[in-house]
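Below is one structure, written out as structure tokens; the observations come after it.
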Amino acid sequence: MSRDDPDPTELATVTELAKRRGFYFQTAEAYGGVGGFFTYGPQGAALKRNVEDAWRDRFVTRAGHMEVSAPDVMPEPVFEASGHLDGFDDMIVECPDCDASHRADHLVEDDSEYEDAEALGLDRVADLLGDLDLTCPECGASLADEPVEEFNLMFETDIGPGSAQSGYLRPETAQGIFAEFPRLKQYAREQLPFGVAQIGAAYRNEIAPRRGLVRVRAFTQAELEHFVHPEKDDPPLDAVADVELPLYSATAQEGDGSVETKTVREAVDDGTIESPWIAYYLGVARDWYAAIGVDMDRFRYRQHLSGERAHYAADCWDAETEVDGDWIEVTGFAYRSDYDLANHAAHSEESFTVFEQYDEPKTVERASVDPDMATLGPEYGGAAGDIADALERLAERDPDAFDAETVAVDADGETYAVDAEVANFSVEAVTKAGEHVTPHVVEPSFGIGRLFYTVLAHSHREDEVDGEARTYLELPAELAPTFACVAPLVTDAPLVERAEAVREELRAAGFAVDYDDSGSIGRRYRRQDEVGTPVCVTIDHETVEQSDHDAATVTLRDRDTTAQARVPVPDLVEHLTALRAGTDFADLLDREGVHEV
RNA sequence: GUGCCGUUGGUCCAGUGGUAGGACAUUAGCUUCCCAAGCUAAUAGCCCGGGUUCAAUUCCCGGACGGCACACCA
């Protein structure tokens with residue numbers, strides 16, 4: 001399957017397999033189901049966990065970053081600061097004739113000079129619909145007197161009894177990192193750069209959940225917030241310089257261009273990717289996607305068009321995979337500058353900067369005042385405080401003003417002539433040890449559910465074995481929910497006993513092992529194939545008859561090729577460990593004690 | 001959220017104004033003994049609420065859920 005050959009039934013195939021084999025299914029089906037919510041079944045939960053572990057391994061452990069776990073519910077002020085409370089609001093107006101609903105703010109923007117109609121508020125936008133004589137784009141009916149309703153994509157909840165405090169289910173995990181930045185920077189000893197990751201649930205009350213796991217109301221995100229110095233930190237580009245990226249640039253999307261493959265280095269040098277940090281992560285992520293089983297023929301990086309880019313993001317790329325004939329966004333890579341930290345700093349009392357010490361302290365001359373409030377207070381009453389502040393600003397701006405007998409300052413709209421002596425003006429040498437820096441943020445934000453869905457779809461295979469149709473999941477061994485299935489060839493007591501012993505041994509060694517002694521061996525192999533179990537271990541008569549019990553051999557059967565090899569039982573753990581780490585089944589045959597069947 | 005279509009064992013489907021049938025799957029037994037074989041048997045279903053009717057899984061209305069299109073996707 002390639003992008004030239006989309007399969008419109010892929011969604012149906014994956015959904016059917018998912019339900020039947022316990023990967024995922026709709027939540028609360030017993031109660032009619034609920035839109036946009038899915039429950040991961042036994043195989044799915046294991047596969048999802050393995051995807052998360054693979055992500056953690058690559059983007060946290062190997063990168064030396066830290067991982068945190070914040071609550072799903074955060075208090076309202078967090079989302080006031082992040083902009084979600086306003087920005088996540090949609091202003092909806094319904095057409096009285098055809099019932100189509102539209103974004104009222106967009107209609108106003110299209111027909112007026114306003115660029116951000118949402119900021120005008122509900123009432124004003126409702127008035128504008130009438131003032132501008134706006135009509136329904138669908139049927140042309142007048143929208144003049146229609147009510148404009150607010151729809152917030154965040155789930156709201158009350159914290160504590162009564163209406164004490166409002167909280168929201170987080171619409172992205174990122175804010176749980178930004179809001180805790182003051183603590184996290186302490187932990188990182190204020191040393192840039194450092195990265196903080198989080199894997200967790202996020203919630204959006206989508207208007208129209210769609211297409212299985214693609215658009216849901218509760219989903220798992222894996223986000224990394226890499227805090228870097230705005231000028232001084234550069235990514236280790238050399239590590240990924242030669243990684244080839246399928247890039248679908250904004251220019252290509254606007255013209256008749258197509259996906260162009262460039263190395264990370266080329267894309268940075270020719271300016272296709274503006275931010276070296278983003279380029280770095282596109283490179284790291286590309287190899288990671290390939291490793292977890294994303295089909296690279298059905299993968300691309302798409303640059304955001306200028307219109308869809310958030311205003312704070314200098315450069316923004318999405319990783320997209322093709323499933324069921326459509327491209328879906330699985331990761332967003334954004335250079336968020338200091339947008340988030342600056343906003344939290346403005347809304348809270350905490351400091352969201354790190355203190356960067358100079359190599360050498362710098363001494364600068366600074367003019368300052370120390371107004372004599374005992375004089376100012378009685379003389380100017382309530383204005384005294386503002387006058388003192390004004391004097392201070394004036395000292396910084398225009399120190400010469402204090403040379404005169406009296407100083408003129410503006411406060412509260414009036415000009416006051418203050419005795420220069422009362423201001424206590426002085427110029428002193430101040431030693432600066434460093435400065436406060438608001439870090440910039442590089443954010444790769446992964447949608448685990450969509451990746452999970454992509455991996456399922458892209459690993460799905462159909463072939464024929466001995467004239468019989470077969471379906472299997474070609475999952476990377478590292479990701480397989482069940483790693484091995486142990487099976488007695490037939491249900492004779494000695495074979496069953498031996499098989500159970502092997503099963504226990506492998507489980508004790510840390511493998512996810514299934515056991516199956518039902519029906520014919522072929523049927524059992526097919527069952528495991530369907531959930532992507534990489535290897536089956538079969539105990540046969542030969543196993544129990546072999547005189548040297550410790551050297552008895554079993555059959556290993558490979559999922560992808562159905563090839564078989566005989567290996568001694570004592571070597572099983574070693575061989576399976578190698579397979580799980582990515583060794584090819586064919587390479588097992590070169591190992592001592594192993595032979596082909 | 002709007003429009004169209006749909007919802008029948010675990011899964012995929014057929015069908016009916018008098019409460020249902022297949023295929024696959026599952027379980028048990030026989031058989032077979034390294035790739036979904038065969039035979040026998042068993043388990044298991046009409047999305048929810050209201051209406052029309054002697055009788056509704058079937059017809060009508062509403063809801064939930066799903067698919068497609070449009071809208072939406074910070």
Side-chain angles (χ1 to χ4, degrees), chain A residues 8-9 11-13 15-22 25-37 41 79 82-95 97-103 105-107 118 136-139 149 151-154 171-172 174 204-212 214-217 308-313 318 324 326 328-329 332 334 463-472 487-492 495 518-530 536-542 554-559 561-564 566 597:
Chain A
T9 67
L11 174 62
T13 308
T15 306
E16 190 270 335
L17 177 69
K19 280 193 280 194
R20 198 160 42 78
R21 289 297 186 196
F25 40 80
Q26 229 191 333
T27 297
E29 282 182 311
Y31 295 94
V34 50
F37 291 91
F79 300 111
S82 71
H84 286 100
L85 214 49
D86 290 331
F88 244 50
D89 262 343
D90 281 347
M91 292 184 178
I92 306 263
V93 62
E94 262 191 40
C95 171
D97 284 359
C98 70
D99 289 338
S101 55
H102 306 280
R103 288 283 297 272
D105 50 329
H106 287 184
L107 293 177
E118 198 153 7
C136 172
E138 294 286 314
C139 68
E149 284 176 11
F151 182 77
N152 194 294
L153 256 43
M154 285 196 294
E172 60 174 17
R204 293 176 196 182
N205 202 1
E206 293 286 351
I207 297 171
R210 270 301 138 75
R211 296 172 58 211
V214 175
R215 191 130 149 242
V216 294
R217 293 187 165 125
E308 70 183 301
R309 197 161 64 203
H311 58 280
Y312 52 80
D318 286 344
D324 207 42
D326 280 322
I328 58 178
E329 175 195 345
D463 68 355
E464 217 171 74
V465 174
D466 294 344
E468 298 279 359
R470 178 177 86 117
T471 68
Y472 65 105
L489 188 59
V490 292
T491 51
D492 289 352
L495 271 65
S518 143
S520 78
I521 192 68
R523 177 181 295 268
R524 284 175 274 166
Y525 287 157
R526 299 302 168 85
R527 223 179 252 150
Q528 296 300 326
D529 287 342
E530 262 200 327
C536 289
V537 180
T538 308
I539 283 74
D540 57 20
H541 293 105
E542 207 180 320
V554 292
T555 305
L556 282 191
R557 181 262 190 188
D558 177 48
R559 174 196 65 200
T561 60
T562 77
Q564 299 187 350
R566 260 201 111 78
V597 174

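Both backbone and side-chain heavy atoms feed into the values below; hydrogens, waters and symmetry mates do not. Here is the naming used below: chain letters follow the sequence lines, and residue numbers restart at 1 for every chain. Since we're looking at a predicted model, the values are computed, not measured.
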Contact class for [X] vs. all strands (heavy atom < 4.0 Å): base, sugar-phosphate, or nothing?
{"X": "A:Arg523", "value": "sugar-phosphate"}
{"X": "A:Gln564", "value": "base"}
{"X": "A:Gly36", "value": "sugar-phosphate"}
{"X": "A:Gly467", "value": "nothing"}

Item checked: Pair partner, B:G62 [Watson-Crick or wobble, under 3.5 Å] -> B:C48
Check: Which one is paired to B:C35, where only Watson-Crick or G-U wobble pairs with both distances under 3.5 angstrom count?
Finding: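 With both distances under 3.5 Å required, B:C35 matches none.
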Quick one: does [X] reach the base of [N] with a side-chain donor-acceptor pair under 3.5 Å?
{"X": "A:Tyr31", "N": "B:C48", "answer": "no"}
{"X": "A:Asp540", "N": "B:C34", "answer": "yes"}
{"X": "A:Arg557", "N": "B:C35", "answer": "yes"}

Item checked: salt bridge (Lys or Arg N to Asp or Glu O under 4.0 Å) partner of A:Asp529, the single match among A:Arg524, A:Arg557, A:Arg21 ->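 Exactly one candidate clears the test, A:Arg557.
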Check: So, is A:Arg527 close to the B:A25 phosphate, meaning a side-chain N or O under 4.0 Å from OP1 or OP2?
Finding: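 It does not, given that no N or O in the side chain of A:Arg527 lies less than 4.0 Å from OP1 or OP2 of B:A25.
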Check: Would you say a side-chain N or O of A:Ser520 is under 4.0 Å from OP1 or OP2 of B:A37?
Finding: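 So the side chain of A:Ser520 is within the cut-off, an N or O lying under 4.0 Å from OP1 or OP2 of B:A37.
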Note to self: Please compare A:Gln26 and A:Glu468 by the position of their nearest nucleotide in RNA chain B and report the one closer to 5'.
What the structure shows: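 Closest to the 5' end, via its nearest nucleotide, is A:Glu468.
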Note to self: Pick the closest RNA chain B nucleotide for A:Arg211 and for A:Glu16 by heavy atoms, then say which residue is nearer the 5' end.
What the structure shows: A:Glu16
Next item on the list: Measure across A:Arg526 and A:Ala469 and return the closest heavy-atom pair with its distance rounded to 0.1 Å.
Entry: NH1-O, 3.1 Å
Checklist line | Nearest atoms (heavy-atom pairs only) where A:Thr555 meets A:Arg566 | finding: OG1-NH1, 3.2 Å
